[in-house]
J.: 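Below is a structure I'd like to ask you about.
Bear in mind that the values here come from a model prediction, so they are computed numbers and not experimental data. Because only heavy atoms are used, hydrogens play no part in the values below, and waters and symmetry mates are left out as well, while side chains stay in.
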Amino acid sequence: MPITYSEKTNLFEIRTNNSSYLFGINPKGVVQHAYWGKPVIAEENADLLRSRHHSSFDADVDRETEEYGGWGGCNYAEPALKATFADGVRDLKLKYEGYEIFEANELVVHLADEHYALRVELHYKAIPEFDLVERKVRVLNEEAEPIRIEQVMAAVWTVQRLPEYRLTHVTGRWAGEYQLRTNVLSEGKKVLESRRGFTGPHSNPWFAVDGGKADEQSGQVWFGALGWSGNWKIVLEKTTFGHVRVAGGINDFDGSFLVAPGQVCESPVFTGGFSSAGFGGMSRNLHGYQRKYVLPSGRDRKVLYNSWEATEFAVTVEAQKELARQAAKLGVERFVVDDGWFGQRHSDRAGLGDWQVNPEKFPNGLQELIDEVQSLGMEFGLWVEPESVNPDSELYRRHPEWTYQFPTRTGTQLRNQLLLNLGLPEVKSFVLDFMTELLSSHEISFIKWDMNRTVTEPGISPLMEHSGEAIWLKHAEHLYEIWAELRARFPHVEFETCAGGGARIDLGILRFADQAWISDNTDARDRLTIQEGFSYAYSPAVMMCWVTESPHGFNGRSLPLSYRFHSSMMGGLGIGANISHWTDGEMAEAKRFVELYKEIRPTVLRGDLYRLESFRGSNVAAYQYVGKDRNESVVFVFLQSQFFGSEERRLLLQGLDEDAAYEVSREGRETVRLHGSTLMNVGIALTLKGDYGSELVRLKLLP
Ligand code: GLA
C-alpha cells in the first residue's frame, strides 16, 4: 500500500520501495510536513506533528514546514500560494478539509480558505519503484468573483534536518549548457529560475540537496524536477530555524493572472525523490522514471545524420542527396535536413515563418529528396522553428501583430528574429495548420523543433485589457497542446526538442518529445562535461549527440574520430559532419562504429548509468551502462592528458553481479574472463596514453 492515512496519528504516509514521506494534520489543523527519508514506521512518529512557537517575531515554527502554505497570517516562508480576492483581501488562510486515496497510490488532500470559496487540492502520486512522488496542485475558484493568483507553486518539499545543506544544480549558457555547480545553502534563499519564456540554458528546473558528503555511490540525496517549459522558479530557502524548503512552480515574475468563477488553475507536475544510494542512485531513478512514465514512446533512438554543420543554409537537393548517399553507407537510419530548406532562408536574416519548400533549392519539391532517402533505406526528418519569424518574411509582412511587442516600442531582434505570440489562438492555429500540411503532404518521420531566441517584451499590440496577464503561461500551454495534437494526428512521427541547443528540456516537454538536442556545442570533449551534467537529471535515452568535424570550430580542438564516436555513443548517436569530404578510411572506421553502436544501443539507452569517474575531479572520465538483468555492460573511458609517465591506474566498475563471470572485451587486447567481484573491487587497468585518449570496454555475462 504505497499511500495510507492513519486516523490514530493523523499522518499520511507515502511509502516507496526505499523511502517514507510523512505529513499530517497537526493539533492546530495545519497540514504539516513531518519526514522524508529512509523508510520508517509511520505510527512511531506522530510527535513530529506538534505545533511549535518561538516568539512574537517569528512565524510559528511548525508553519515553516507547512506542506502547502498560503501567504496569510503570520507566515514568512516562500508562499506556495498567494492570492487576492475580489474585495481586495490579500490574506489566505488554508484549512484542512479532508482527503481521498485512489487505487492506493494517488492521494488528494483538500484544503479550503477559512472564509472565501477558494479550494486547493494537493495531488500526490507515488512511484514506488523509483522512490519518487509526483506532486501538483489545483486551485478552484468557487467564488462569484474572479480571484487574482500572484504565485502558485506546484509543490513545496521539506528536506530532512541536516547539520549542513549542499545544493547541486546546473547552470550554463548557449553552447555550454548543463554545467554542474554546488553551493552550501545558508540562511536565506537561492533561486533557480527562468524569466526567458522557456526552460532556458542558464538554469534547469532540477535540484538536488544533500548533507555535503553524498557521492556517486552513497549518501542521502533529496531531489526534484519540475515539468514546465515556460518561466519557472525553484526557491531553496533555509529558514532561521534550520529548515530547508524547496518551493517550485511557474515563475510569479510579471505573471499574475485571474481565475474566473468556476475555473480551475492547475500547476505543472513537480516530481521529488529521495535516494540513499547517492547521486548515481538519484539519476538512475530519474532515468527509469522518464523511460517508464514520462517519455511518449518506448522507441529507441535512430542513428541520424543531420546536414546543419555540413551545409548550414546552403541547402540544395543535389548536395543533400550526396550527403544521404554517404550517410546510408555508414548505416545511418534517419536523414535530417536542418535549417535552410524553406522560404527565402539563405541566411538567418530572412525567411523564418514562410514554411513553404524553397523552389530554387528543391525545383521538384521535397519529395524528390525524400524518395532518394527512402530508397537508400533511411527515414526522412526535417527541421522547423515554428514560434519564430524574421521581419524579412511574408508571414511578418502579413501579420506583424502576431509578434510579441508593446505599442510604442520596437521589439528587440535576436538572431534577426522576433517571436510569435503563441498564446494567441490564431497563431496557435497557424502553427498547427502549417505543421499538419507539412506532415500530411510529405513522408516525414521526424521533426526537429527549434526555438532560437529567448522571449523579450512579451506584450501584445494594441494592448487589450488584461492582455499582459498569463502571457508567459499561454505560450507554454499552447506549445504543449500543439505537440499533443500533432502526436495524435501523426503517431508515427518522432519529435526532438531543441532550442538553440539544450534550452528547452524539462519533464514538461519530455512528455511530448522523443529526444532532445542538448547543445549546439558538438566538440566531443566539451560534450562530455555537458552530457555528464545533463545525465544528473535526464536519461541518455533522449540525449542526442553528434559526431562532427575535427578540428572543431568552437575550440579549434582536434580529436580522433574514435574519441568523437565514443563521446557520441553515450546517448542517441548522430553524425553531423560533412561526410561528403570524408576519406575512405574515415568512412570505413565510422561504419564500424555505427555497427558497434547498434549492438550496444539497448544497453546505452535502456540500461542503468553509473558515472565512474569525472573530469570534475580526475584526469579520467568514465561512464558505465549496465543492461537489463546485468547481462551486458559497456564502459566509455576518456583520458584528458597523460602526465609524468605511466603510473598504472585502475577503474572500478559498478552495477555488476559480484558472483557472475563476465567476458571483458577491449579493442586490441585479448578477451578475458573476470568475475563481477574483481571488476568492481580490483577494477580494470587503464592504459590510455597521450592526450584525448578514449576506449570502449564491453562486458558480457557468461553462462
Ligand atoms: C539552432 C540549433 C542547431 C541548428 C540551427 C539552425 O542553433 O540548435 O542545431 O538547427 O539552429 O539554424
J.: Tell me whether the centres of the aromatic rings in Phe554 and Trp174 are closer together than 6.0 Å.
T.: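 Distance test on ring centres: under 6.0 Å, yes.
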J.: Between Glu494 and Lys302, is there a salt bridge with N-O shorter than 4.0 Å?
T.: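 So Lys302 does not pair with Glu494 through a salt bridge.
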J.: For Phe565, run the ring pair (Phe, Tyr, Trp, His ring centres under 6.0 Å) check against Phe593, Trp546, Phe638 and tell me which one passes.
T.: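 Only one option passes, and that is Phe593.
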J.: Return the set of residues passing side chain to side chain contact (heavy atoms under 4.5 Å, CB included) with Cys545 (not counting sequence neighbours), or none when no residue passes.
T.: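 Once residues adjacent in sequence are excluded, the partners of Cys545 under the side chain to side chain contact (heavy atoms under 4.5 Å, CB included) criterion are Arg527, Gln531, Met543, Ser568.
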J.: Is it true that Glu193 and Arg195 make a salt bridge, defined as a side-chain N closer than 4.0 Å to a carboxylate O?
T.: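 Arg195 and Glu193: salt-bridged.
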J.: In terms of side-chain heavy atoms, does Thr687 have a donor or acceptor partner in Arg669 at a distance below 3.5 Å?
T.: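 Result is yes, a qualifying pair exists.
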J.: Do Glu64 and Thr239 have side-chain N/O donor and acceptor atoms under 3.5 Å apart?
T.: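 Yes, a side-chain donor-acceptor pair sits under 3.5 Å.
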J.: Side chains of Asp526 and Asn555: donor-acceptor distance under 3.5 Å anywhere?
T.: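 Asn555 and Asp526 do have a side-chain donor-acceptor pair below 3.5 Å.
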J.: Strictly under 6.0 Å, is that where the ring centroids of Trp157 and Trp222 end up?
T.: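 No, ring centres 6.0 Å or more apart.
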J.: Pick out which of Lys136, Glu106, Glu67, Glu134 makes a side-chain hydrogen bond (donor to acceptor under 3.5 Å, both in side chains) with Tyr124.
T.: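 Going through the options one by one, the only one that passes is Glu67.
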J.: Between Asp523 and Arg557, is the closest basic N to carboxylate O distance under 4.0 Å?
T.: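 Salt bridge present between Arg557 and Asp523.
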J.: Strictly by salt bridge (Lys or Arg N to Asp or Glu O under 4.0 Å), give each pair with a member in residues 227-239 just once, sequence neighbours left out.
T.: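 Qualifying pairs, neighbours excluded: Glu78-Lys233, Glu187-Lys238, Lys233-Asp252.
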J.: Pairs under 3.5 angstrom only: tabulate donor-acceptor contacts from the side chains of residues 653-663 to other protein residues two or more places apart or in another chain.
T.:
residue, atom, partner, partner atom, Å
Asp657, OD1, Asp659, N, 3.1
Tyr662, OH, Arg630, O, 3.2
Tyr662, OH, Asp657, N, 3.0

J.: Determine whether the aromatic ring centres of Tyr610 and Tyr623 lie less than 6.0 Å apart.
T.: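 Not close enough - the centres of the two rings lie 6.0 Å or further apart.
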J.: Anything under 3.5 Å between a donor and an acceptor, one on a side chain of residues 510-517, the other on a protein residue two or more places apart or in another chain? List them.
T.:
residue, atom, partner, partner atom, Å
Asp514, OD1, Arg487, NH2, 3.2
Asp514, OD2, Arg487, NH1, 2.8
Asp514, OD2, Arg487, NH2, 3.4
Asp514, OD2, Phe495, N, 2.8
Gln515, OE1, Arg301, NE, 3.0
Gln515, NE2, Glu496, OE1, 2.8
Trp517, NE1, Ser519, O, 3.3
Trp517, NE1, Asp520, OD1, 2.9

J.: Flag the pair Tyr21 / Trp36 as yes when their ring centroid distance falls below 6.0 Å, and as no otherwise.
T.: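 Yes, they do, as the ring centres are separated by less than 6.0 Å.
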J.: Could you tell me whether Arg698 and Glu599 make a salt bridge, using a distance below 4.0 angstrom between a side-chain N and a carboxylate O?
T.: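 Answer for the salt bridge query: yes.
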J.: Should the ring pair Tyr692 and Tyr563 be called parallel, tilted or perpendicular, given that the plane angle runs from 0 to 90° and is split at 30 and 60?
T.: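 Ring orientation of Tyr692 relative to Tyr563: perpendicular.
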J.: Please, which pairs that meet salt bridge (Lys or Arg N to Asp or Glu O under 4.0 Å) have at least one residue in residues 214-232, sequence neighbours excluded?
T.: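 Qualifying pairs, neighbours excluded: Glu216-Arg611.
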J.: Identify whether the distance between the nearest side-chain nitrogen and carboxylate oxygen of Arg601 and Glu333 falls below 4.0 Å.
T.: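 Salt bridge present between Arg601 and Glu333.
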J.: Determine, for Glu613 against Arg649, whether the closest basic-nitrogen to carboxylate-oxygen distance falls under 4.0 angstrom.
T.: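 Yes, charged N to carboxylate O under 4.0 Å.
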J.: Under a plain distance cut-off of 3.5 Å, with no hydrogens placed, do Tyr538 and Asn204 share a side-chain donor-acceptor pair?
T.: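 Yes, because at least one side-chain N or O of Asn204 sits under 3.5 Å from a partner of the opposite role on Tyr538.
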J.: Hey, what's the ring geometry for Phe636 with Tyr625, parallel, tilted or perpendicular (30° and 60° as the breaks)?
T.: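 Rings of Phe636 and Tyr625: perpendicular, over 60°.
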J.: Test of understanding: with side chain to side chain donor-acceptor pair (under 3.5 Å), list the residues that count as partners of Ser276, not counting sequence neighbours.
T.: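 Partners of Ser276 by the side chain to side chain donor-acceptor pair (under 3.5 Å) criterion come out as none, since no residue qualifies.
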J.: I'd like to know if the side chain of Ser539 pairs up with that of His287 as donor and acceptor (distance under 3.5 Å, no hydrogens or angles considered).
T.: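 Not at all, the side chains of Ser539 and His287 share no donor-acceptor pair under 3.5 Å.
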J.: How are the rings of Tyr293 and Tyr289 set to each other: parallel, tilted or perpendicular (split at 30° and 60°)?
T.: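 Plane angle between 30° and 60°, so tilted.
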J.: So, do Phe241 and His243 have ring centers that fall under 6.0 Å from each other?
T.: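 Centroid separation for Phe241 and His243: 6.0 Å or greater.
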